[in-house]
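Below, chain A is the first sequence line, B the second, and so on; all start at residue 1.
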Amino acid sequence: MTPEEPSDDQLRRQRLEKLDRIRESGTNPWPTRFERTHTLAEARSAFGEDGDPLHVRLAGRLVAFRDLGKLSFAQLQDGTGKLQISFQLKDLGERYEDLRNLDIGDFIGISGYLWRTSRGEITAGVHDFQPLAKSLRPLPEKWHGLVDPEKRYRQRYLDLITNDEVRRVFETRTRIISGMRRWLDERGFMEVETPVLQPLYGGAAARPFVTHHHALDRDLFLRISDELYLKRLIIGGFDKVYEISKDFRNEGIDSTHNPEFSMIELYQAYADLGDVMTLTEDLVRALALEVLPDGSIECAEAVIDFRQPFARLSVREALQRWAGIDVLEATDDELAARANLPVAVGRGKLVDELLSNHVEPQLVQPTFLTDWPVELSPLAKRRIDEARLVERFELFVGGVERANAFSELNDPIDQRARMVDLAKRRVAGDVEAAPVDEDFIEALEYGMPPTGGLGIGIDRLVMLLTGQTSIREVILFPQMRTLQ
RNA sequence: GGGGGUGUAGCUCAGAGGCAGAGCAGUAGACUUUUAAUCUAUUGGCCGAGGGUUCGAAUCCCUCCACCCUCACCA
């Protein structure tokens, strides 16, 4: 794609020749500094109705150029928007010829006066201009922009320069994340940082990435979750904590999975699952209202209106309705037959399979799916009335899991038993089962208060609130194979 | 991993056995109110890579690479 040795194609050569001409005239093509008086958006709004000529110094990237002879119009773009600028022979004299050394893609600084054309376009009439950064490669075409998805992801900067909608998606992503922070900070949550490099991984079912620390001469794992560390902080006495973390899972890549992805996890002492459910609904609704003009968006061929209350449904009810089976009454054999899998995969896997195929696609409107089987939830607290189930929900919107929460298991004896059970599955060949974390269990033995925990996949939430169907459209630099 | 699709100029795309094409951008020229400016002329190609079939391959066949969709996998 980008060769080590720059191609000496015609377009690049022509730009290098212009570069030489700029240098020969004693001008630095890449100067250090340019003092501007306004951003382009500020200049636009500074142009008052009183019609007084306002002197401005502006800077930006040249993205369009229309040469009309003794008059030229061009368009500058900066982080705030675009503004038309004009060059007139009568204002510039001999310097008008220097326009020949400009290319679309160059950054330039100009000084001049704002005016309004006969068509009403606010325009900066240039009296002086200078290069700020010469561009040596042509930008994508002005009308269609950059379309090829491969090139858009590999050279995201070109995508951002050319496609305003893409820019807006990532601006919205940032607003969602900062909105989350603000919302939690206002409610007394404390943002913390926990290790990315972990001696033992856990908190989720996934294959980890392994790396090696030379000085310690030991393998370390990139975290698949920060759950077990955040709970240690609850044990340590921080009652409300959250972390916005990059997690890493060594699994396939598709439109809802990227090997590194963003997650927010939060833990609140003395909160139960109901509290967390309320919090989740309030948070998601607040973010939706902040980002969506009317609090609704189209998703999976339906209109999701976040102002409406979220539905609640238990795993048992859902499987009765859509898979026609009572998960609490059915034998392993019956579940296996319904799921079309061997009994040996285990009850948890069977239920999971039935949910994926029959239930999840149905959950288009925001729905809390509650009361999960204990086999699928090794870190969640059992229900008091039914030990086969745990106090847990997953939030589904558009048929996709967006959040996961439970009353945290704080019984160290039960926790050890479940981790040991997981480790057995690991020995039996389940590459995604986590190992026993004795250090974590020791921490639990000191005592963890009753705690509610929540994890939200940030990328998937951003997809939902920006109407994107691929996770690559909400991650600036999604993982790609290397080109040789 | 299975199935389907795509890959041609800097970008967006036509071309489906017989001379490699268009629009945009680029270059040269004309033009002082353009907004995808317009008009004239024009440069630009390892047709993803490698092999094969054929008198002749961008086009047909095989292998490989990358990307997209889909199924499987993935709480």
Side-chain angles (χ1 to χ4, degrees), chain A residues 1 7 9-15 17-18 63-75 82-92 96 100 103-105 115-123 125 135-155 158-159 161-162 203-207 224-225 249-259 261 315 348-349 351-353 355-357 360 369 372-373 375-380 392-394 396 400-406 430-434 455 457 469-470 472 478 480-484:
Chain A
M1 170 120 323
S7 60
D9 64 63
Q10 186 188 37
L11 295 172
R12 191 163 179 279
R13 258 198 335 270
Q14 285 167 345
R15 287 177 178 233
E17 283 162 14
K18 292 178 183 181
V63 291
F65 200 91
R66 297 180 283 276
D67 177 3
L68 274 59
K70 298 185 178 65
L71 166 71
S72 296
F73 289 99
Q75 219 168 18
K82 295 177 185 171
L83 189 75
Q84 178 166 275
I85 61 177
S86 63
F87 302 88
Q88 294 198 61
L89 179 61
K90 71 176 168 58
D91 293 331
L92 290 166
Y96 195 80
R100 302 173 76 87
D103 282 300
I104 286 174
W115 62 294
R116 196 188 282 274
T117 67
S118 54
R119 298 275 180 90
E121 181 89 15
I122 295 171
T123 302
S135 162
L136 300 181
R137 292 176 188 256
L139 291 180
E141 192 219 12
K142 60 187 172 187
W143 188 240
H144 300 92
L146 190 62
V147 173
D148 177 10
E150 181 170 359
K151 210 154 273 186
R152 287 182 45 232
Y153 302 147
R154 287 189 195 276
Q155 294 179 277
L158 294 179
D159 193 25
I161 291 169
T162 324
R207 297 177 71 166
I224 58 174
S225 147
R249 297 186 185 174
N250 208 336
E251 54 197 25
I253 299 177
D254 63 29
S255 60
T256 53
H257 295 84
N258 194 63
F261 62 101
V315 166
K349 183 86 185 164
V351 172
D352 195 32
E353 185 71 10
L355 286 174
S356 300
N357 292 335
E360 295 180 7
L369 192 61
W372 288 65
E375 296 89 347
L376 283 172
S377 318
L379 301 167
R392 172 183 177 187
F393 71 74
E394 284 193 2
F396 285 84
V400 174
E401 178 204 343
R402 314 282 171 164
N404 181 21
F406 29 89
D430 183 349
V431 290
E432 296 184 338
T469 55
S470 168
R472 293 175 217 102
M480 303 287 273
R481 284 174 211 272
T482 46
L483 297 173
Q484 89 288 14

Partners passing salt bridge (charged side-chain N to carboxylate O under 4.0 Å, His left out) against A/E141 (at least two apart in sequence or in another chain): none
Across all chains, not counting sequence neighbours, the salt bridge (charged side-chain N to carboxylate O under 4.0 Å, His left out) partners of A/R249 are none
Sorted by chain and number, sequence neighbours left out, salt bridge (charged side-chain N to carboxylate O under 4.0 Å, His left out) with A/K18 holds for A/D103
Side-chain donor-acceptor pairs under 3.5 Å in residues 84-92 of chain A, sequence neighbours left out?
from: A/Q84; atom 1: OE1; to: A/R66; atom 2: NH2; distance (Å): 3.0
from: A/Q84; atom 1: NE2; to: A/T123; atom 2: OG1; distance (Å): 3.0
from: A/S86; atom 1: OG; to: A/W115; atom 2: NE1; distance (Å): 3.1

Under 3.5 Å, N/O pairs linking protein and nucleotides 3-5 of chain B:
none

Could you run through nucleotides 66-75 of chain B and give me one letter per nucleotide, 5' to 3': B if any protein heavy atom sits under 4.0 Å from the base, S if only the sugar-phosphate is that close, - if neither? SSSS---BBB
Partners of A/E353 by side chain to side chain donor-acceptor pair (under 3.5 Å), sequence neighbours excluded? A/N357
Taking salt bridge (charged side-chain N to carboxylate O under 4.0 Å, His left out) as the definition, give me every residue that meets it alongside A/R402, ordered by chain and number, with sequence neighbours left out. none
Taking pairing as Watson-Crick or G-U wobble with both contacts under 3.5 Å, can you name the mate of B/rC13, or confirm there isn't one? B/rG21
Is A/G348 touching bases, backbone alone, or none of the nucleic acid, heavy atoms closer than 4.0 Å? nothing
Could you tell me which residues satisfy side chain to side chain contact (heavy atoms under 4.5 Å, CB included) with A/P149, sequence neighbours excluded, listed by chain and number? A/Y153
Could you let me know what B/rA41 is paired to, Watson-Crick or G-U wobble, both distances under 3.5 Å, or none if it's on its own? B/rU27
With B for base contact, S for sugar-phosphate-only contact and - for none (protein heavy atoms under 4.0 Å), nucleotides 34-47 of chain B reads BBBB-----BS---
Among A/E150, A/K151, A/R152, side-chain contact (heavy atoms from CB on, under 4.5 Å) partner for A/R154: A/E150
Using Watson-Crick geometry (N1-N3 plus N6-O4 or O6-N4) or G-U wobble (N1-O2, O6-N3), each under 3.5 Å, B/rC67 is paired with B/rG5
So, using ring pair (Phe, Tyr, Trp, His ring centres under 6.0 Å) as the criterion, who are the partners of A/F396 when residues are at least two apart? none
Residues in side chain to side chain contact (heavy atoms under 4.5 Å, CB included) contact with A/S377, at least two apart in sequence or another chain: A/W372, A/A380, A/V390, A/R392
